[in-house]
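This report refers to the structure that appears directly beneath it.
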Amino acid sequence: MKVKYYCKKFIAMLLTLLAVSFFVFAAFEIIPGDPATSILGTNATKESVQALREEMGLNAPFLSRYFSWVLSCCKGDFGISYSYHIPVREMIADKLPITLTMTVLAMLMTMIVSVLLGVFLAKHTRSVWDKCGYVVNQIAMAIPAFFLGILFTYLFGLILKWFTPGGYISYQKNFVGFLGYLIMPSIAIAIPKCAMSVKLLRSSILTEAGKDYVRTAYSRGNSTSQVLYRHVLKNAMIPVITFWGMALADMSAGSIVVEQVFNIPGLGRILLSSISNRDYPVVEAVIVLIAFLVVITNFLVDLLYRKMDHRMQDGEDLK
Amino acid sequence: MLLEIKQLTIEFHDHLVPETVVKNVTMSMEEGEIVGIVGESGSGKSMTALSVAGLLPRKDMKKKGEIWFEGQELLSLPRKELRLLQGDEIGMIFQEPMTALNPTMKIGKQVEESLYLHRDLSRTERRELALSWLEKVELNDSERVYESYPHELSGGMRQRVMIAAAMVAGPKLLIADEPTTALDVTVQAQIIQLLKKINEKNNTAILFISHDLSLVKDLCDRVYVMKDGEVVEHGKSEDVFYHPMEDYTKQLIAAIPVIDLEQD
Amino acid sequence: MKKYKNFNFIMGVILTGLVVLIAIIGCFYTPYDPDAMDAVAKNSGISMDHWMGCDNFGRDIFSRIMEGIRNTFLISLFTVAIGTIVGVLIGAVTGYFGGWLDEILMRINDALFAFPSVLLALVVISLLGTGMFRVTLALGIAFIPSFARIVRSEIKKQVTQDYVESAKLMGAGNFRIIFVHILPNILPVLLSSIMIGFNNAVLAEAGLSYLGIGVQPPDASLGRMLSEAQSFLFSMPWYALFPGTVIVIMVLGFALMAEGITQAQMK
Amino acid sequence: AGDKAEGTSYDSITIGIPQDLEDSLDPHIVSAAGTKEILFNIYEGLVKYDAQGNLNAAIAKDYVISEDGLVYTFTLRDGVKFHDGSTVTVEDVIYSINRCADTSNGDPLVPAFSNIASVEAPDASNVVITLNEPDSEFLAYMTTAIIPASNENPESVAIGTGPYKYVTRVPQESITLEAFDEYWGEPAHIQNVNLKICANPDSIVMELKGGSIDMYARITDSQAAELEGSNFNVLEGTMNLVQALYLNNDVAPFDDVRVRQALCYAINPQEIMDFVSGGQGTEIGSSMFPAFAKYYSEDLNHVYDQNIERAKELLAEAGYPDGFAFTITVPSNYQQHIWTAQVLVEELKQIGVEATIETVEWDSWLSDVYVDRNYTSTVVGVDAPQLTARALLERFTSDSDKNFVNFSSAAYDEAFANAIATTDDAEQTGYYEECLRILTDEAANVYIQDLPTFVAINDSIGGYEFYPIYVQDFASLYYIDATVEQ
Amino acid sequence: MEEILKVEKLNVSFAQSLKKNRKQVLTDVSLSMKKGEILGLAGESGSGKTTIAKAILGMIPIDQGTITCNARTPQMVFQDPYSSLNPAKTVSWILQEPLRMKTKETAAGRVEKVKSVLHQIGLEENLMNRKPSELSGGQRQRICIGTALMSEPELLIADEPVSALDVTIQAQVLQLLKSIHEKKQLAILFISHDLRTMYQFCDRIVILRNGQIVEEGKPSTLYASPKEEYTRLLLQSAGIR
Ligand SMILES: Nc1ncnc2c1ncn2[C@@H]1O[C@H](COP(=O)(O)OP(=O)(O)OP(=O)(O)O)[C@@H](O)[C@H]1O
Ligand SMILES: Nc1ncnc2c1ncn2[C@@H]1O[C@H](COP(=O)(O)OP(=O)(O)OP(=O)(O)O)[C@@H](O)[C@H]1O
Ligand SMILES: [Mg+2]
Ligand SMILES: [Mg+2]
């Protein structure tokens, strides 16, 4: 039953989001500091903190706070930021495009470059190209995006002056400039992932090339490239797509560090600052949003996967 | 003479010691003839067949001898020209129906691929031809099969799809490498029947490879017996079956379970 | 071991060995006290005395890298170890047995996966206090979900194979089937995840020092040095380059070793 | 921001700031120093500091203090406009002062306002404030911002009377200010001020050099060194705060005065300054920084000149001949404090004391250290919101809510009470000096320095002024070329 | 002779993806085996032969019916020689595993046993250290038989054990099974679609169609006078009639 399958997926998704939000709530119960002290800063005294907590409704029991939050979320209301006094929804709507654009750029680069390179290397196995490619690939896989960011800043920013480090341009002001600025960070994120998918694709193509159906394809008079593009590539892409799904989820959740290096005010920055400001409504919304993105990505990959590989049985999980 | 293999020798070089898997094999086939190759596992049957179909791996191996097909020498033919023959003049059916089909490509596309590569036909013409071949191999639900993926078909159906795909461009020579081992007896019988029919109707020559002598006896006009890469015996299949000359052939025949219903 | 005689494995062992060797030497001997400050040598460049120059406190960068390797190495090693061991346990149990336990654990797992490791680290640290051990624990916990997920799906694939049934017929217990029969088969996948895990662990540790909850100063860690060096990128680029390169070598060593083992397995 | 690099537009400037204005835009509630220094440009009180530390009339054009020091009469300047266009009325003044004097939530927002007996407006241009007790420093608290009574959301809608008005903000990205056309005083030179949040302190030099910001007010000495030879001027001033190793006087071993003194003898502020601030800071010996020329005394700096032998002796007397171990909790968002702590750790090793650093987030610091006082020692800087000694010294009275070091000295409490009570300036100064001496003698904390601050500013911009309090004045900035053209 | 296996009214069905109802695979299957008997199970592809085998060994849940198995350590040779050997282990390790489970044999003793079994199934000792991926299909299938025999079972379920082998080796393996059957009173449930082989090998044959037993009897009588049309068809396609 297709409908039943999607229902099941949907419920699982909701459960995941609930669990995530519960964890966030629980996390803030545990870590020291609270919004009241954060707001009062050095004016804080025990009494004033208590008074403010009372005013903000933080003294209500944990579960009742949690449930009322979940309820208002269901109505699409994520509350008001404690630090900025503006609706959390607006704040996120502002930041989401930044992180999303960066992720999508990085993902596009990863996909395009890795397919081109992967196919190229697979075509030229055991050539000098392949060997050089292998070495470069291994190294690229080992460089943390963080270090790459620093290297780029130094090389392209300070020495070659191709871009202004930290000179982030807001997308509302200048969209082209914005995209231009995001290119470097996107490359920094993309390179390790790209290297991994090149490797995966290359070996996957070679594995597929050894399969019987390839011989069948040759027996019909296909040339090597025809076999590669008409037959092998689609099959070889299946494991790569799974990897891409994970990579995408990884990127959207793990943009924090790269945003920090390149001074990009995206979701990661908001998350970080609101964690340290104990801005509960924002943290909760951002984390649930990221979880949502992760879950949605998984779901989309799942769909794509099914489309490509009809052997997939409903109800089976991939990854 | 449709096909002539002269002194074919195949050596593998991917191990320390070169391994000769086919030694001085000489065979010939007339147009419209069904010729069988039998022999135990690893005796070089598939290698011989693959070399005719031009599908031997190109690396790490040495080929000697000549293979003449319709006046062309296949072993020295450039890859480009060989491609023109593959699928068009020479069709091939493989041993494993499970893995020999592309799992992510619709059956229809796979069946008509030879047409796509060798004939200048419109999409609908290709489709018509493919459907008609699917029906000829007794896949009666041909429209559905055309739109299916391999995993949606049973083993027997897939093997028939393989035959349809090999035959669709009307090759002169069909190479069938153990096409029935993976199938159960009922389906096996049907496939043999089918091959016979194709041979009669289209006058397609069939090179039939099997380790089942009794099958070969029923189907083939002539038979070659291979052992350790060499042809040890050949002749009319009846002759070889009832009057084997070589010890090895005798062993092969003795291994066939005999059912003597009269005795009980 | 004789099976792993391939180039990758040997290179991996050499690189990792080099790094480990430096770390071990660093326990007993460093050219300078890594914490000792020297006003004269402040921000000094590469010289005979200081092979990699000095940082803004005049501390010898080479000595600090020796110390940093040790800390980073231990942190990432144990982080990955915790992630792997617990992840494999959870993934194996859920993948092998399935059922409602699987459902529940996987929902929790997915939730944890989306949960930023920074926040998780904050929680662990607030519960247990700071320190290298706790940081490692925090990161380790953050690493569990991805391992659990990979192992689970791999085990699910293996369970359909007849050899598992065959092992049951022989009378092998579930535990033995999971860990002796199935696990070696998912090793290649596991190894490559471990390698990716190493990369991420170094990164995560560096990320935590941004927040001041990683390795505590004055102790050195490669990630911390790298982030500190960012301020001096213009005047002393080598300050960033050295720890960064060491990280790459370390991760590369692991990656090559994993690759080598995988190749030997696949052969 | 990027288009500024061509040098064509003189009407805007981009200024980097280390963190967003995260707590509030409400001038009465706001506590983060980083926010206050920006809000200085938006809000004004009845009186206002200038760069020399003088209190000048602002919204009030004049004021009279009665002989007994109990009645303050402020005459409002005519036609002072709020940023929303409305005129400042006496009601707004009374509203603002009452808001800060409100005690319904415990302490009033401005502690000194607990002394206010009444606020009245006899007519439309005069406000009379009556105190319970005379307070010679009360005027300084009249810098408290005047906000319109009609503003219902002061925490998000900033309406003041200052030279710049708040336009818009993008969280964690930027804040835009615009010169206020109807400002009563000398208008700001530069029309638009973009405040850009540079969350990563490590990339500031790159941003400056890359031209994405024109000015950054709080760079470190090493960053200043990196800017040498670029098109940036680096101005040096002081941060006006008391950086010290604050000790929790309630926990062992710091409940023993000898131990605290030993620590004081062990450290060398000059060495710390050499490492942390390029040798540029100003040494301090008590809770007072040099901007308060009146109270700051160099003598106190020499009470504990580095003397390792003496330190060891004191430790031995206190029963720690082999030293001890303790933890320094440092807020992780202040790099200088972390650096200082690292040098301290090294210096304390000389007397056998093993200190370990524990960096915590600012928020954890606030709740654990500042509010709950659950710590052993910490390195931070304490500033003065008003230019009064009271602002710095009140926190060390034993019953103060803000006495996070748990300092307790009857003599101190008495001296402080005397200082507050007296109206005689010389007498008051004497009492405050006594307070400072007590803090030093009792070694309440290990005093280190008033940190230097380096302001990097594009060399096409002039007019930057250092204030003796923690503020940034954008109104005085101007483009040098622009003025020449005019 | 005592009964070693008794299956009564066995019903098995599988859940189907995309469809609501379950697919009935076995319907009211009843069969029994005596100690030391070779029972043949024949039927076309998909008739449920493998399902019966797996149900007997408890590998799939059954809907209805009873299965009583009195045999000590029943073993199975799986149909797919590719997935039934652990790809990560060597031949020697795989063959030793049952010994590790059931006996307290020393390592050296185990290796000796492995060698003798390899000999029995007609494989060379030098295969011992290879991985399954380095073996041919026939060799794999023989290793499977070897592993099953290692446990010294009383009942062996052999699911098309010789289908991947060529005729000469087929005969050899069947000979091996037969000799063990004779020596150790091994009962064998022999699943195949090759009616020719079964004729010689089995004591009794059960014909399965669409999950139901249509006919059963001694090979000679069954082949000589099949009662069901389906049996006749099977025999015909095998070229026997
Ligand atoms: N890539 C290779 N490298 C080395 N030897 C090979 C390779 N491929 C096949 N061989 C060997 O060539 C010989 C002949 O193989 P071939 O596939 O022709 O046998 P066959 O007669 O078709 O056997 P079967 O009945 O099992 O299919 C075998 O001994 C095999 O081991
Ligand atoms: N796990 C499963 N889920 C759903 N259907 C199954 C499953 N296993 C087997 N079937 C179905 O049950 C039927 C009987 O399968 P079984 O494997 O028992 O056939 P078989 O007689 O062994 O055939 P073969 O000779 O091809 O091995 C088939 O139609 C098959 O599709
Ligand atoms: Mg073959
Ligand atoms: Mg079966």
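Throughout, protein chains are lettered first and strands after them, A, B, ... in sequence-line order, and every chain is numbered starting at 1.
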Taking side chain as everything from C-beta outward and backbone as N, CA, C, O, which of these in [X] sits under 4.5 Å from a heavy atom of chain A? Side chain, backbone, both or neither.
X      : value
D:D401 : both
D:I197 : both
D:D372 : both
D:V30  : backbone

Using non-hydrogen atoms and a 4.5 Å limit, figure out which bit of [X] sits close to chain D: side chain, backbone, both or neither.
X      : answer
A:I86  : side chain
A:S274 : neither
A:I98  : side chain

Please list all pairs passing the side-chain hydrogen bond (donor to acceptor under 3.5 Å, both in side chains) test where one or both residues lie in residues 182-195 of chain A, with sequence neighbours left out. A:K193-A:D250

With A:N59, which residues qualify under side-chain hydrogen bond (donor to acceptor under 3.5 Å, both in side chains), at least two apart?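 For A:N59 the side-chain hydrogen bond (donor to acceptor under 3.5 Å, both in side chains) partners, ignoring immediate neighbours, are A:Q50, A:R53, A:E54.
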
Given A:N263 and D:C198, is the side-chain contact (heavy atoms from CB on, under 4.5 Å) satisfied, shown in steps? CA-CA 7 Å; A:N263 203 11; D:C198 303; 4.1 Å; yes

Highest number of heavy-atom pairs under 4.5 Å with chain A: which of D:K209, D:Q172, D:K402?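 Ranked by contacts with chain A, first place is D:Q172.
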
Between D:I204, D:D20, D:L109, D:I213, which residue shows the highest count of heavy-atom pairs closer than 4.5 Å to chain A?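 Top option by heavy-atom pairs under 4.5 Å: D:D20.
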
Is the count of non-hydrogen atoms from other residues, nucleotides or ligands lying under 6.0 Å from A:F292 atom CZ greater than 12? no

Give the minimum heavy-atom separation between D:E173 and A:Y168, together with the two atoms involved.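 Closest heavy-atom pair between D:E173 and A:Y168: OE2-CE2, 3.3 Å.
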
Among A:M91, A:E90, A:K95, which residue forms the greatest number of heavy-atom pairs with chain D at distances under 4.5 Å?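 Top count of heavy-atom pairs under 4.5 Å with chain D: A:K95.
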
Measure the CZ-CG distance between D:R169 and A:D94 for me, rounded to the nearest 0.5 Å.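 With rounding to 0.5 Å, CZ (D:R169) is 11.5 Å from CG (A:D94).
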
Quick check on the structure: residues of residues 78-85 of chain A within a heavy-atom distance below 4.5 Å of chain D, by number.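 Residues in range: A:Y82, A:S83, A:Y84, A:H85.
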
Can you tell me if A:R278 uses its side chain to pair, donor with acceptor, with the backbone of D:D363 under 3.5 Å?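 Pair absent, no side-chain N/O of A:R278 close to backbone of D:D363.
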
I want to check something: taking the side chain as every heavy atom from C-beta on, are D:P171 and A:I270 in contact at a cut-off of under 4.5 Å?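 Of all side-chain heavy-atom pairs linking A:I270 with D:P171, at least one is under 4.5 Å.
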
Residue set satisfying ring pair (Phe, Tyr, Trp, His ring centres under 6.0 Å) with D:W362, at least two apart, ordered chain then number -> D:Y334, D:W365

